Amino acid sequence: MTKNTSTKNTATKNTATKNTSQTVLVTGATGTVGRQVVAELLRRGHTVRALTRDPEKAEAALLAHFPPGVPGVEVVRGDLGDPASLVPALDGVTGLHLITFGGAMFAPLETGPEIVELARKAGVRRVTVLFGGEETPLQRAVEASGLDWTVVQPVEFMSNALEWAEAIRTEDTVREPFTGRLSAMIHEADIGAVAAVALTEEGHAGRTYLITGPETLTVQDKVDALAAARGREIALVELTEEAAKERWRAAGHPEDVIGFLIMVYRDTPPEGRTVAGTVEEVTGRPARTFAEWAAEHAAAFRA
């Protein structure tokens with residue numbers, strides 16, 4: 001693995017006094033990143049509203065990750081695809097965390113202008129947008145809004161390693177193509193931490209934060225870290241490109257998704273394999289390592 005020795009500044013460390021308790025509306029609050037945004041906001045003493053189309057389901061999901069009763073979290077009904085439904089949820093909110101896709105098929109949301117106008121009328125000051133892989137209509141609307149916006153752009157999630165869990169538990173094996181590819185993968189809690197700071201503190205308006213972990217890793221590096229965490233060796237088998245395509249087809253992935261995976265795995269873009277110091281610059285502490293993530297999730301990889 002390669003550790004970072006010099007990184008270009010992509011963030012400005014906030015030196016202002018931290019704000020007192022604020023109310024933040026979090027969309028996608030039960031997702032991989034959303035629940036980490038919730039957790040960090042709670043840790044910092046803020047109040048969270050979790051927006052969902054299904055409050056009962058969201059409440060159950062949040063209870064799985066937070067103490068009984070989810071203190072500090074209010075689950076509210078609303079749909080980003082139906083902006084009028086957001087009016088009650090936005091009352092008294094100073095920060096708004098947005099995802100850019102919605103509905104059962106995760107289509108890009110086209111309601112950005114309406115959401116932005118409602119947020120402005122409600123007195124929202126800061127908005128974070130979780131980058132969805134490409135610039136979307138909602139992101140463009142937020143950037144043109146005049147509000148204090150921050151785009152949070154993470155690279156590969158460490159939690160993607162959970163896709164290997166079943167094969168590791170049952171076969172002690174990982175099968176992947178392009179095993180020499182490099183990734184500066186990011187702990188999902190660090191994504192949440194950067195978003196929480198941008199939502200509640202000054203100094204982050206108008207910025208796009210590329211968020212990476214503290215080191216670049218090969219697939220073998222990841223496998224070795226998981227093996228160390230669970231206390232048992234794991235074999236790595238390299239698949240050919242064709243074998244990988246067949247596996248993804250069998251899993252039901254459409255051809256455009258398969259083509260994207262091959263492109264990214266064969267030649268990972270520089271931003272996906274180059275360490276940025278954003279996490280430490282924004283939050284004041286180093287980004288978490290994959291070894292830390294593996295230790296936290298070791299049980300998922302044990303038979």
Side-chain angles (χ1 to χ4, degrees), residues 14 16-31 33-56 58-59 62 70-103 108-132 135-152 191-209:
N14 179 46
T17 303
K18 288 184 172 59
N19 296 312
T20 56
S21 181
Q22 301 169 55
T23 299
V24 179
L25 181 63
V26 178
T27 65
T30 60
V33 172
R35 64 175 178 260
Q36 298 293 345
V37 178
V38 171
E40 185 66 19
L41 287 167
L42 293 178
R43 191 185 72 79
R44 290 171 172 265
H46 301 294
T47 300
V48 175
R49 285 189 191 149
L51 186 78
T52 177
R53 294 192 300 269
D54 186 344
E56 290 186 7
E59 183 76 24
L62 288 168
V70 198
V73 178
E74 177 189 3
V75 178
V76 295
R77 187 185 301 276
D79 185 346
L80 291 176
D82 177 17
S85 70
L86 306 182
V87 174
L90 285 166
D91 184 37
V93 164
T94 57
L96 173 60
H97 176 69
L98 290 171
I99 55 176
T100 63
F101 296 87
L109 288 160
E110 301 287 347
T111 52
E114 295 91 338
I115 293 170
V116 163
E117 184 58 26
L118 288 172
R120 187 186 294 110
K121 287 180 179 178
V124 172
R125 294 182 56 197
R126 303 182 187 90
V127 181
T128 55
V129 177
L130 180 64
F131 186 72
E135 190 180 75
T136 62
L138 186 146
Q139 181 180 327
R140 288 193 290 271
V142 170
E143 291 177 351
S145 68
L147 297 170
D148 287 354
W149 59 264
T150 307
V151 174
V152 177
I191 307 171
V194 169
V197 170
L199 284 163
T200 58
E201 299 183 15
E202 302 290 349
H204 307 281
R207 295 181 176 276
T208 295
Y209 284 153

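All values reported here derive from a predicted model rather than from experimental measurement.
- Without hydrogens or angle criteria, Arg77 side chain to Leu51 main chain gives no donor-acceptor distance under 3.5 Å.
- Thr150 and His204 are not linked by any side-chain donor-acceptor pair at a separation below 3.5 angstrom, with hydrogens and angles left out of the test.
- Using a distance-only test at 3.5 Å, with no hydrogens or angles considered, a donor-acceptor pair links the side chain of Arg35 to the main chain of Thr30.
- Applying the side chain to side chain donor-acceptor pair (under 3.5 Å) rule to Thr111 yields no partners; only residues at least two apart in sequence or on another chain are considered.
- In this structure, the side chains of Val124 and Thr94 stay at 4.5 Å or more apart for every pair of heavy atoms.
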Item to complete: Might you work through the side-chain contact (heavy atoms from CB on, under 4.5 Å) test for Gln36 and Glu40, ending with a clear yes or no?
Response: CA-CA 6 Å; Gln36 298 293 345; Glu40 185 66 19; over 6 Å; no
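- Residues Leu109 and Thr136 have side chains not in contact (no heavy-atom distance under 4.5 Å, counting atoms from C-beta outward).
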Worksheet item: Leu147 and Val142: side-chain contact (heavy atoms from CB on, under 4.5 Å), yes or no, with the steps?
Response: CA-CA 7 Å; Leu147 297 170; Val142 170; over 6 Å; no
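- Under the 4.0 Å criterion applied to side-chain N and carboxylate O atoms, Glu201 and Arg44 are assigned as salt-bridge partners.
- Under the salt bridge (Lys or Arg N to Asp or Glu O under 4.0 Å) criterion, the residue pairs touching residues 140-149 are Glu135-Arg140, with sequence neighbours excluded.
- Looking at heavy atoms from C-beta onward, Gln22 lies out of side-chain contact with Arg125 at the 4.5 angstrom threshold.
- Partners of Glu114 under the salt bridge (charged side-chain N to carboxylate O under 4.0 Å, His left out) rule, at least two apart in sequence or in another chain, do not exist in this structure.
- Across all their heavy atoms, Ala195 and Val37 have their closest contact at CB-CG2, 4.0 Å.
- Taking both residues in full, the closest heavy atoms of Val33 and Ile191 are given as CG1-CG2, 3.7 Å, listed atom of the first, atom of the second, then distance.
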Worksheet item: Step by step, would you call His46 with Thr200 a side-chain contact (heavy atoms from CB on, under 4.5 Å)?
Response: CA-CA 9 Å; His46 301 294; Thr200 58; 3.6 Å; yes
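- Between the side chain of Ser21 and the backbone N or O of Gly45 there is at least one donor-acceptor pair closer than 3.5 Å.
- The two residues Phe131 and Gln139 make their nearest non-hydrogen contact at CD1-OE1, 3.4 Å.
- Counting only heavy atoms from C-beta outward, the side chains of Leu25 and Val76 approach each other to under 4.5 Å.
- Side-chain contact between Leu80 and Leu98: present, with at least one pair of heavy atoms (C-beta onward) separated by less than 4.5 Å.
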Worksheet item: Are His97 and Leu199 close enough, and set up right, to give a side-chain contact (heavy atoms from CB on, under 4.5 Å), and what steps lead you there?
Response: CA-CA 7 Å; His97 176 69; Leu199 284 163; 3.9 Å; yes
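- Across Ala84 and Leu118, no two heavy atoms sit closer than the pair N-CD1, 4.3 Å.
- In this structure, Glu110 has no salt bridge (charged side-chain N to carboxylate O under 4.0 Å, His left out) partners at least two apart in sequence or on a different chain.
- Contact annotation: the side chain of Leu86 approaches that of Ile115 to within less than 4.5 Å [non-hydrogen atoms, C-beta and beyond].
- Residues that satisfy the side chain to side chain donor-acceptor pair (under 3.5 Å) test with Thr100, not counting sequence neighbours, are absent from this structure.
- Listed here is the closest heavy atom pair of Ala50 and Ala29: CB-CB, 3.6 Å.
- To the nearest 0.5 angstrom, Lys121 atom NZ is 12.0 Å from Leu90 atom CG.
- Of all heavy-atom pairs between Ser85 and Asp79, the closest is OG-N, 2.9 Å.
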